[in-house]
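This structure is a prediction, so every number in the text was calculated from the model and none was measured.
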Amino acid sequence: MRRTRILVAAFSLAAGLLAGTPPALATATSAAPLAADTYTWKNARIDGGGFVPGIVFNRTEKNLAYARTDIGGAYRWQQSTKTWTPLLDSVGWNEWGHTGVVSLASDPVQPDKVYAAVGTYTNSWDPTGGAVLRSADRGASWQKTDLPFKLGGNMPGRGMGERLAVDPNRDSVLYLGAPSGKGLWRSTDSGVTWSQVTSFPNPGNYQQDPTDTSGYASDNQGIVWVTFDESTGTSGSATKTIYVGVADKDNAVYRSTDAGATWTRLAGQPTGYLAHKGVLDAVNGYLYLAYSDKGGPYDGGKGRLMRYATATGTWTDISPVAEADTYYGFSGLTVDRQHPSTLMATAYSSWWPDTQLFRSTDSGATWTKAWDYTSYPNRVNRYTLDVSSSPWLTFGANPSPPEQTPKLGWMTEALEIDPFDSARMMFGTGATVYGTEDLTKWDSGGQFSLKPMVRGLEETAVNDLAAPPSGDARLFSALGDIGGFRHTDLTSVPSMMYTSPTFTSTTSLDFAESNPNTVVRVGDLDSGPHIAFSTDNGANWFAGQDPSGVSGGGTVAAAADGSRFVWSPAGTGVRHTTGFGTSWAESAGIPAGAIVESDRVDAKTFYGFKSGKFYVSTDGGATFTASSATGLPSGDSVRFKALPGTKGDVWLAGGAADGAYGLWHSTDGGASFTRLANVEQADTIGFGKAAPGASYQTLYTSAKIGGVRGVFRSTDKGASWTRINDDVHQWGWTGAAITGDPRVYGRVYVSTNGRGVVYGDTSDTGGTGDGGGGGTDPAPVPTGACTVGYKVTHQWADGFQADVQLTNTGSSAWNGWSLTWSFADGQKVTQMWNAGYTQSGATVTAKDAGWNGTVAAGSSVAFGFTGSRSGTTNTGPVSFKLGDRTCTVA
């Protein structure tokens with residue numbers, strides 16, 4: 001059940017498309033047109049969906065933890081709600097690569113500081129260089145230093161690390177291990193400037209595949225981790241002993257004993273392996289190393305665990321199994337800081353029958369496993385795994401022993417025991433973060449309980465979106481790696497991704513405009529059909545039959561009434577069928593690889609686009625004719641759609657900077673197009689419910705208008721545009737798909753390349769609709785008594801973080817809530833989690849996030865925020881109102 005993340009973005013990006021990240025980068029502000037209203041942005045909940053290669057706990061402050069993803073940014077843990085808050089949604093279009101995080105470091109001396117080394121690819125797929133982002137407010141805002149080389153958050157070896165580290169004795173000193181032969185780098189001014197450590201002798205030499213001409217698998221994976229021995233320094237002085245891991249099978253570990261001035265290869269070390277992790281136990285004087293014969297995160301055939309005694313230089317093989325019995329590498333590695341003789345490790349590339357976790361309580365002398373065979377193929381687990389909060393993690397599988405569903409994981413390179421709580425552990429997989437809060441039951445012979453600890457962390461790459469005008473489904477998504485979902489409630493995790501068949505990636509989907517019960521999707525699969533149909537609004541699916549030569553999903557279009565389909569698959573030419581794909585006929589007059597769409601009124605009219613030419617079929621896709629329209633983009637970076645309700649009304653977006661690029665409109669079925677002069681660049685186009693009083697549907701686009709990149713809305717047929725996102729909400733590359741909601745005015749669904757499906761609702765009260773889990777109707781005003789607890793949890797020179805707890809002290813439940821207060825010292829909210837907010841002057845209104853709107857009598861709801869301040873005082877609010885009722889202040 002391998003779910004690859006390897007090139008989800010790269011193939012589209014190589015075609016000229018671009019991508020980007022919340023909390024704003026100080027260097028990325030822009031003079032955007034002011035929006036006419038305020039949008040509230042949320043994720044259509046999936047909870048996870050991608051590879052989490054790194055989890056970092058702060059060593060000096062309890063409950064401060066971060067997670068990094070390979071293409072979807074970084075997150076901070078919120079203990080009060082046990083959710084993750086995204087930190088890099090402010091990365092913009094032009095720097096989309098900075099959503100790939102190769103390493104994170106949390107400052108152990110000043111916990112408000114956090115650093116991220118960002119960049120997605122080291123080859124030509126990523127047009128920008130790497131950078132180190134630094135934050136003094138736990139990721140609420142960032143400053144950036146560009147590096148003279150690229151970093152690879154989505155490159156081979158990305159699960160090794162951490163490559164970025166803060167000196168625990170002198171926290172102004174940081175080290176960064178670079179890929180591509182660029183060596184070891186150091187900053188002595190808290191990440192502001194960087195210089196190469198020229199005395200470091202080995203930049204690495206390991207390449208996953210030296211023959212790869214793309215530069216992806218052939219890149220030198222470089223320097224992969226830095227670990228300080230904090231016992232060799234004192235507060236304010238640089239740590240003397242530093243260990244560095246290098247991607248070199250013969251020379252994997254180096255040490256400096258003079259604060260980085262000189263370096264030597266660690267004597268006696270094993271060869272033939274890469275050291276994925278190096279974790280130091282300064283109490284007992286041991287450096288633990290997890291070795292694999294490959295760089296990961298997918299591959300690894302052999303591995304070892306080693307212990308190095310720092311005082312004597314003695315090496316001890318502490319592998320939990322004999323090397324001959326390994327078919328995986330070791331990578332995840334952690335020490336229990338409360339009981340340093342306890343350590344854990346993972347068999348990260350054990351795809352079948354499952355990953356494995358190992359645990360030792362005697363510094364590696366003996367080990368136990370998370371699961372063991374009783375009599376093959378039967379096994380007994382030391383854990384229970386409850387995925388009821390993310391039920392799709394079973395992948396709809398029904399495996400035979402020794403496989404189980406849900407799996408314990410795969411690509412398990414991130415593993416951390418909470419340094420303040422021996423009972424809490426988290427580990428990352430290729431699809432989620434699992435965790436436990438009763439880990440110590442392992443040692444007493446009981447079963448520890450695992451569950452997803454991933455809420456708020458949304459990491460999927462979105463290829464297509466569709467919002468039907470009726471039916472239980474509110475949104476269909478086509479996703480990389482996990483196929484996609486049918487959302488009937490945007491605030492709830494769907495029970496399962498699409499199955500029957502289950503595509504590894506869904507590339508395109510469509511529904512019949514006048515019969516939304518009929519839905520079609522196409523996608524990629526190693527073996528099996530590449531097309532599937534539904535006749536019940538996407539609730540259930542059945543496979544179609546591929547025509548000869550199909551190798552991938554391509555694009556697909558459903559006739560307006562669902563009577564026929566046109567499919568442009570990868571590997572062969574365009575095909576058409578009546579019924580549900582039991583047989584296909586070749587379409588004439590249109591080239592292979594064309595993008596296809598349907599007219600939303602005339603069931604026999606279909607459209608296509610390829611290499612600057614627009615094609616039209618009026619006979620159900622049997623024959624296409626090239627339009628005489630000129631001036632369209634010459635490449636294939638184009639998305640186009642036909643307007644529901646009007647025959648022949650077509651909008652086309654796309655292009656490239658070196659040619660035609662913009663938004664075009666046709667009212668004659670593609671015979672001619674007019675370019676909108678007020679749109680400089682556009683990459684997507686979608687339609688939603690018309691504004692109150694408007695006769696034409698609302699347009700949405702990811703575009704550059706007025707010199708600003710953003711998400712825009714037009715309620716007057718494109719005559720004028722309003723930017724509806726802001727610099728804090730950019731999400732990198734948003735060029736794959738966009739659609740409005742045909743049932744809720746102002747709601748828009750935006751694709752991202754790693755941050756999942758983002759949707760926005762306008763605060764404009766003129767909208768109407770049925771909501772569907774976050775609509776525009778005003779929330780009911782709660783009745784009964786209320787109490788508010790307000791606490792500033794952290795404070796720094798120009799900002800602060802606060803937690804708010806709202807308690808229903810009345811006798812009846814609330815169904816939605818809205819809490820208002822005023823600041824006295826000019827404070828401004830910069831980011832809020834577990835609630836939406838607006839601020840006008842000193843007045844702040846926080847509203848429920850949908851999923852936490854129902855509050856029973858006697859129960860509480862918690863949310864938090866970061867804020868800015870300009871003075872030395874930070875007086876808390878003295879009064880809170882829930883609707884018209886004043887709450888008691890705790």
Side-chain angles (χ1 to χ4, degrees), residues 53-60 65-68 103-106 108 157 159-168 175 177 223-232 239 241-247 252-256 266 269-270 273-292 296 303-311 314-320 329-348 357-365 367 412-422 424-428 439:
I55 298 169
V56 175
F57 278 88
N58 187 278
R59 294 274 299 277
T60 55
Y66 297 89
R68 62 179 172 96
S103 192
L104 276 174
S106 181
M160 296 193 279
E162 293 290 322
R163 300 170 187 252
L164 182 64
V166 180
D167 190 322
Y175 283 84
I223 296 175
V224 297
W225 53 263
V226 179
T227 296
F228 292 92
D229 183 346
E230 63 266 28
S231 68
T232 63
T239 300
T241 298
I242 312 165
Y243 297 90
V244 171
V246 178
V253 185
Y254 287 78
R255 178 175 62 183
S256 173
L266 212 57
Q269 64 182 278
Y273 301 91
L274 302 173
H276 277 224
K277 301 284 194 305
V279 177
L280 189 104
D281 164 21
V283 174
N284 295 310
Y286 291 137
L287 175 68
Y288 295 101
L289 297 122
Y291 286 96
S292 173
R304 298 170 76 180
L305 292 179
M306 300 294 294
R307 185 182 70 208
Y308 176 77
T310 59
T314 302
W315 288 89
T316 304
D317 189 335
I318 58 168
S319 302
F330 295 103
S331 182
L333 183 64
T334 185
V335 168
D336 183 346
R337 300 298 174 182
Q338 297 296 310
H339 305 280
S341 295
T342 295
L343 62 151
M344 294 181 66
T346 68
Y348 76 95
L357 306 181
F358 304 93
R359 182 173 172 87
S360 173
T361 57
D362 52 13
S363 300
W367 294 85
T412 50
E413 297 214 64
L415 171 71
E416 293 295 330
I417 298 172
D418 186 335
F420 294 91
D421 184 356
S422 298
R424 179 161 69 174
M425 174 268 290
M426 297 181 188
F427 68 95
L439 177 62

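To the nearest 0.5 Å, atoms CG (Asp229) and CG (Leu287) are separated by 9.0 Å. Atom CG of Leu274 and atom CG of Leu289 lie 12.0 Å apart (nearest 0.5 Å). Between the CG atom in Asp421 and the CG atom in Leu439 there is a gap of 9.0 Å [rounded to 0.5 Å]. Distance check: His276 NE2 to Leu333 CG gives 11.5 Å after rounding to the nearest 0.5 Å. In this structure, CE on Met425 lies 9.5 Å from CD1 on Ile55, to the nearest 0.5 angstrom. Taking CG from Leu343 and OG from Ser360, the interatomic distance works out to 5.0 Å, rounded to the nearest 0.5 Å.
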### Task
Show your reasoning for whether side chain to side chain donor-acceptor pair (under 3.5 Å) applies to Tyr286 and Ser363.
CA-CA 9 Å; Tyr286 291 137; Ser363 300; 5.4 Å; no

### Message
Show, in sequence, the C-alpha distance, side-chain angles and deciding distance for Trp315 and Leu266, and conclude whether the side-chain contact (heavy atoms from CB on, under 4.5 Å) test is met.
### Response
CA-CA 10 Å; Trp315 288 89; Leu266 212 57; 3.5 Å; yes

### Task
Start with the C-alpha distance between Asn58 and Thr60, add both sets of side-chain angles, then the distance that settles side-chain contact (heavy atoms from CB on, under 4.5 Å), and finish with yes or no.
CA-CA 6 Å; Asn58 187 278; Thr60 55; 2.9 Å; yes

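Contact detail for Val166 and Ala105: the closest heavy-atom pair is CG2-CB, 3.8 Å. Residues Ile223 and Arg163 share a closest heavy-atom pair of O-NH1, 3.1 Å. The heavy-atom pair separating Pro270 from Met306 by the smallest distance is CG-CG, 4.0 Å. In this structure, Tyr66 and Ser106 approach most closely via the heavy-atom pair CE1-OG, 3.6 Å. Between Ala252 and Gln269, the shortest heavy-atom distance links the atoms N-OE1, 2.9 Å. Here the closest non-hydrogen pair linking Pro168 and Thr239 is CD-OG1, 3.8 Å.
The shortest side-chain heavy-atom distance between Ser319 and Arg304 falls under the 4.5 Å cut-off. With a 4.5 Å cut-off on side-chain heavy atoms, Thr361 and His339 do not count as touching. Side-chain contact between Arg359 and Thr342 is present, with at least one heavy-atom pair separated by less than 4.5 Å. At a threshold of 4.5 Å between non-hydrogen side-chain atoms, the residues Tyr348 and Leu415 do not count as touching. Looking at heavy atoms from C-beta onward, Val226 lies in side-chain contact with Ile242 at the 4.5 angstrom threshold. A heavy-atom distance below 4.5 Å is found between the side chains of Phe228 and Tyr175.
In this structure, Phe358 and Trp367 have perpendicular ring planes: the angle between them is above 60°, well past the 30° mark. Between Tyr308 and Tyr243, the ring planes are perpendicular. Angles over 60° get that label, and only those under 30° would be called parallel.
Proximity of a side-chain donor or acceptor of Glu162 to a complementary backbone N or O of Leu104 within less than 3.5 Å is detected. Judged by distance alone, with hydrogens and angles left aside, the side-chain atoms of Ser292 form no donor-acceptor pair with the main-chain N or O of Phe330 at under 3.5 Å. Judged by distance alone, with hydrogens and angles left aside, the side-chain atoms of Thr314 form no donor-acceptor pair with the main-chain N or O of Ala309 at under 3.5 Å. Formation of a donor-acceptor pair under 3.5 Å by the Lys277 side chain with backbone atoms of Tyr288 is not found in this model. Judged by distance alone, the side chain of Gln338 and the main-chain N or O of Pro419 form a donor-acceptor pair under 3.5 Å.
For the pairing with Thr310, the side chain to side chain contact (heavy atoms under 4.5 Å, CB included) check across Leu280, Thr241, Asn284 returns one residue only, Leu280.
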